[in-house]
Amino acid sequence: MPAEQAHAIHDRLTRAARGLQCPTETRTLGQLRADVFTDLLLHAGMQTGPAAGIRPEIALTVPVFTLMGLDEEPATLDGYGPIPADAARTLCEGAASFYRILTHPETGTTLSYGKTVYRPPADLARAVRHRDTTCTGPGCLVPAKDCDLDHTIDYHANGGHGRTDYANLGPRCRSDHRLKSLAGWKVTQTRPGEFTTTTPGNQTYTTTPGDTGAGAPAFTDRVLNALPKSFRRRLKRKQPPPPEPADEDKEPPF
């Protein structure tokens with residue numbers, strides 16, 4: 001920023017900090033200046049100005065035993081990392097609300113944020129895209145990384161009440177997403193990763209996790225011959241059975 005603005009800001013913070021000094025104040029001038037700066041950013045200008053009505057919000061994940069004071073496992077401040085257990089408990093004392101978050105018992109991946117957030121956080125998005133490697137539209141092979149993460153049951157549109165969780169999300173390319181949202185195509189997710197799409201003409205198509213419609217991968221003989229025999233048997237493309245002869249070509253039974 002321009003030098004005159006920087007010096008004016010520093011001067012205002014310094015004068016405000018000096019006004020707080022007294023015989024019982026233990027904070028240094030620098031600490032008082034930092035606290036005044038924090039207070040101005042978090043609380044001033046709520047009624048008027050460019051920040052009017054914008055209140056700070058942070059996301060803090062706290063293990064339940066830490067919150068109860070039974071453990072000292074650190075909490076995680078979203079966008080920063082671990083913070084001490086006592087600092088987390090202090091923040092939670094003044095929290096306006098709490099959200100229950102379901103995590104995978106082994107990997108710790110968040111599987112559900114319920115109705116607390118619309119946009120899937122990174123760990124949940126990564127888990128869904130790992131499960132469904134391509135667009136879940138019938139016959140579509142757009143990679144999941146290039147797709148929208150669509151709420152199968154709408155989150156808010158059309159009176160939707162869908163949750164942001166592992167069983168209600170799936171990658172949908174922009175074209176298939178628009179067919180679902182604007183063109184009357186209906187999508188259900190019978191189990192995580194299994195999608196049934198119904199067209200306006202009442203045709204139904206079902207896709208399952210990893211179902212790209214391309215069949216088993218094909219390998220050249222050079223690659224197959226370099227593998228152990230058990231692998232070759234499993235990976236070698238099976239020859240289709242010979243076609244049944246037409247009725248007129250069949251030998252009569254007598």
Could you tell me which residues satisfy side chain to side chain donor-acceptor pair (under 3.5 Å) with R126, sequence neighbours excluded, listed by chain and number?
none

Decide yes or no for T188 and T198: does some side-chain heavy atom of the first lie under 4.5 Å from some side-chain heavy atom of the second?
no

As an exercise, state the distance from CD of Q203 to OG1 of T197, rounded to the nearest 0.5 Å.
12.0 Å

Same cluster or not: L20 versus L42, using hydrophobic residues (I, L, V, M, F, W, Y) connected whenever any side-chain heavy atoms lie under 4.5 Å apart?
no

For T190, what residues pass the side chain to side chain donor-acceptor pair (under 3.5 Å) criterion, not counting sequence neighbours?
E194

Results of side chain to side chain contact (heavy atoms under 4.5 Å, CB included) for D71 - residues two or more places apart only
F65, T66, E73

Pair listing, salt bridge (charged side-chain N to carboxylate O under 4.0 Å, His left out) test, anchored in residues 3-22, at least two apart
D11-R15

Any chance you could pull the hydrophobic cluster mates of Y205, using side-chain heavy atoms under 4.5 angstrom and chaining through other members?
none

P120 and L169: which non-hydrogen atoms are nearest, and at how many Å?
CG-CD1, 3.8 Å

Only counting residues at least two apart or in another chain, list the ones meeting side chain to side chain contact (heavy atoms under 4.5 Å, CB included) with P200.
W185

Listed by chain and number, what are the side chain to side chain contact (heavy atoms under 4.5 Å, CB included) partners of R129, not counting sequence neighbours?
A125, A144, L149

Closest non-hydrogen atoms of Y166 and A127, given as atom of the first, atom of the second and distance, are CE1-O, 3.9 Å

V62 and L91: side chain to side chain contact (heavy atoms under 4.5 Å, CB included), yes or no, with the steps?
CA-CA 10 Å; V62 189; L91 286 171; over 6 Å; no

L32 side, atom CG; L13 side, atom CG - distance, nearest 0.5 Å
11.0 Å

Hey, quick one: are L179 and V187 part of the same hydrophobic cluster, counting side-chain heavy atoms closer than 4.5 Å, chains of contacts allowed?
no

Sort and list the pairs that fulfil salt bridge (charged side-chain N to carboxylate O under 4.0 Å, His left out) and have at least one residue in residues 26-40, not counting sequence neighbours.
E25-R27, R27-D35

Which residue pairs pass the salt bridge (charged side-chain N to carboxylate O under 4.0 Å, His left out) test with at least one member in residues 198-207, sequence neighbours excluded?
none

Would you please name every residue forming a side chain to side chain donor-acceptor pair (under 3.5 Å) with T196, sequence neighbours left out?
T206

Out of curiosity, T14 OG1 to I9 CD1, how far, rounded to the nearest 0.5 Å?
11.5 Å

For the backbone of P2 and the side chain of Q5, can you confirm whether one donor and one acceptor N or O come within less than 3.5 Å of each other?
no

Shortest non-hydrogen contact from R131 toward F195:
NH2-CZ, 4.0 Å

Do the non-hydrogen side-chain atoms of P171 and T134 ever get within less than 4.5 Å of each other?
no

Which value, rounded to the nearest 0.5 Å, describes the distance between D176 atom CG and D150 atom CG?
10.0 Å

Output the distance between atom NZ (K180) and atom NE2 (H151), rounded to the nearest 0.5 Å.
9.5 Å

For the residue pair C147 and C173, what are the closest heavy atoms and their distance?
SG-N, 3.6 Å

Testing the basics here: between V36 and A16, what is the closest heavy-atom pair and its distance to 0.1 Å?
CG1-CB, 3.7 Å

Are there over 12 heavy-atom neighbours, none belonging to H7, within less than 6.0 Å of that residue's NE2?
no

Would you tell me whether R172 and S181 have side-chain atoms, one donor and one acceptor, within less than 3.5 Å of each other?
no

Non-neighbouring partners of D148 that pass side chain to side chain donor-acceptor pair (under 3.5 Å), sequence neighbours left out
R174, H177

Applying side chain to side chain contact (heavy atoms under 4.5 Å, CB included) to L41 and not counting sequence neighbours gives F37

